[in-house]
Amino acid sequence: MTRILQVGLGNFGRRHLAAWHLIDHGDRLWIAEADQRQWSAAARYNFPADRLLPALDAGLDRVDVVDIVTPSTSHFELCRTALLAGKDVFVEKPMTMTSQDGAELARIAERTGRILQVGYYYRYHPISQWLHQELDAGRLGRIRYITGNFMGFKRARTDVGVMHTDGIHFLDLFNWLLGEAPASVYAVCRDHFRRGLEDFAVAVLTYPSGIVGKVEAGYIQPGRWKDRVVPGALTSKDITIVGEKATVEVDFEVETLTIHDAHHELRDGVWAAVVGPSMHVPLDPCDPVQMVARELADFLDAVASRRSSGPGPQDAGVQLAALIEAIYQSSRSGGPAAVQAPASLSR
Ligand SMILES: NC(=O)c1ccc[n+]([C@@H]2O[C@H](COP(=O)([O-])OP(=O)(O)OC[C@H]3O[C@@H](n4cnc5c(N)ncnc54)[C@H](O)[C@@H]3O)[C@@H](O)[C@H]2O)c1
């Protein structure tokens, strides 16, 4: 029976705590949280006081796996310590602040034979699973364009900028859905709040197959819905995938998926739009705690089988960190930037 140490019980750590209980692992859970004022969040589960600890080190000997839900700036050190102690690790996104740090974690995980999974729960939403199947089966035809908005009025995170914390969800989802990562990017970022972190970002992505992508993230643009993770925020989390045969529109916040039977045909020398019916595809709802529960269950399966199919240290760690670095480089230079993963891990 796998014993778990969750590190961090802040805003999102509470979702992890709920998710561990949802998959019946609450009685095998320890929590390390540095700020003891946060410990009260465990009270609603009648969480035993002797399983609440002040730091990772205090719990490492008692558990088999570690679940890291602390600010992104602390991920590298905490993951490194846990992996070197022989633990399998689940870490919330982004895995590390830099691609170099990511490459080091990937090397340690490989050398020690440990599972290292990154928290990208949009991959586990039924909408994403449906999209993955449809794209694999080629039912939208050749993909031409994929675009997403992950934005809205909300508090500005203090550990990383908005593309690095919000936009990165869709950067990962697009790579996973398309089965490839962007080769280059052209991006514009702005720091209106003068914090040294972007609060607005648009990135145009070019994939090796020729597909064009665009991700927009920001705190200064309006969102359409009440955010289900950040209290008091208004948010939009939507994507559109344009194929040769059909187009799909998704709104994750209200969990709708619409497929438009629309394509173009050359008629008498003119490309005419042939627009058929649009259809809503009914899928099971899945709230953020259920999404976390699904990815944690997948992590436990990987721990048991010693084989991971979830977001891993290279595709969801190093590669995404290199993409974020290229986005910042492009925004600084005003021109496109190539995405360069550290040499040992280049595609
Ligand atoms: N998947 C998602 O949609 C999603 C949503 C929100 C946050 N996140 C990720 O979750 C992580 C945490 O975000 P959050 O919003 O909960 O942050 P938060 O600041 O609300 O909480 C972090 C907690 O970690 C504790 N902490 C910091 N360093 C620690 C250490 N070394 N040992 C023990 N405790 C420590 C802090 O005291 C705090 O309570 C971030 O990486 C973020 O990107 C993911």
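Worth saying up front: this structure is predicted, and the values here are computed from it rather than measured. Sequential numbering from 1 along the given sequence is applied to the chain's residues. Computation of the quantities below employed the complete heavy-atom set of this structure, encompassing side-chain atoms and omitting hydrogens, waters and symmetry-equivalent molecules. Remember, it's 1-based here, ligands and their atoms both numbered in the order they're listed.
Proximity annotation for atom 40 (C) of ligand 1: of T70, L53, V69, T70 comes nearest, heavy atoms only. When the heavy atoms of H164, R157, R228 are ranked by distance to atom 15 (O) of ligand 1, first place goes to R157. Compare P71, G8, S74 by their heavy atoms: the one nearest to atom 22 (C) of ligand 1 is in P71.
Counting only distance, with no hydrogens or angles, the side chain of E325 and the backbone of S99 share a donor-acceptor pair below 3.5 Å. A donor-acceptor pair under 3.5 Å is formed between the side chain of E33 and the backbone N or O of L9. Looking only at distances, no side-chain donor or acceptor of R123 sits under 3.5 Å from a matching main-chain atom of S128. A distance-only check finds a donor-acceptor pair linking the side chain of S330 to the backbone of G335 [under 3.5 Å]. The backbone N or O of G13 lies less than 3.5 Å from a partner atom in the side chain of Q6, making a donor-acceptor pair. Distance alone, capped at 3.5 Å, places no donor-acceptor pair between the Y145 side chain and the T240 backbone. Judged by distance alone, with hydrogens and angles left aside, the side-chain atoms of E255 form a donor-acceptor pair with the main-chain N or O of C286 at under 3.5 Å.
Within ligand 1, the atoms closer than 4.0 Å to a non-hydrogen atom of A32 are 33 (C), 34 (N), numbered from 1 in the order shown. Heavy-atom proximity to Q38, at under 4.0 Å, picks out these atoms of ligand 1: 39 (O). Within ligand 1, counting atoms from 1 as listed, the ones closer than 4.0 Å to a heavy atom of D35 are 37 (O). For ligand 1, the atoms lying closer than 4.0 Å to a non-hydrogen atom of H169 are 1 (N), 2 (C), 3 (O). In summary, the atoms of ligand 1 found under 4.0 Å from a heavy atom of G13, numbered by their order in the structure, are 16 (O).
The minimum heavy-atom distance linking V289 with R15 is given by the pair CG2-CG, 4.1 Å. In this structure, W30 and L53 approach most closely via the heavy-atom pair CD1-CD1, 4.0 Å.
In summary, the side chains of K93 and T165 do present a donor paired with an acceptor at a separation below 3.5 Å, with no hydrogens or angles considered. Checked by atom type, the side-chain pair T96/H75 shows no donor-acceptor distance below 3.5 Å. Residues R14 and Q38 have side chains that bring a donor and an acceptor to within less than 3.5 angstrom of each other.
Here the protein heavy atom with the shortest distance to atom 21 (O) of ligand 1 is G10 CA, 3.3 Å. The protein heavy-atom contact nearest to atom 32 (N) of ligand 1 is V7 CG1, 3.7 Å. Protein heavy atom closest to atom 2 (C) of ligand 1, with residue, atom name and distance, is F12 CZ, 3.4 Å. Residue, atom and distance of the protein heavy atom nearest to atom 1 (N) of ligand 1 are E92 OE1, 3.2 Å. Scanning the protein for heavy atoms near atom 38 (C) of ligand 1, the closest one is E33 OE1, 3.6 Å. In this structure, the protein non-hydrogen atom closest to atom 20 (O) of ligand 1 is N11 N, 3.0 Å. Considering only non-hydrogen protein atoms, atom 33 (C) of ligand 1 sits nearest to A34 N, 3.4 Å. The nearest heavy-atom contact from the protein to atom 43 (O) of ligand 1 is K93 O, 2.8 Å.
Between R155 and ligand 1, no N or O atom pair is found at a separation short of 3.5 Å.
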*Evaluate the criterion side chain to side chain contact (heavy atoms under 4.5 Å, CB included) for residue pair D172 and Y122; output intermediate values, then yes/no.*
CA-CA 9 Å; D172 176 70; Y122 280 96; over 6 Å; no
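Using a 4.0 Å heavy-atom cutoff, L56 is absent from the residues neighbouring ligand 1. Heavy-atom distances between H75 and ligand 1 reach below 4.0 Å in at least one pair. Taking 4.0 Å as the cut-off, R14 does not count as a neighbour of ligand 1 on heavy-atom distance. Ligand 1 does not have A55 within reach: every non-hydrogen atom of the residue lies 4.0 Å or more from it.
For Y120, no heavy-atom contact with ligand 1 is shorter than 4.0 Å.
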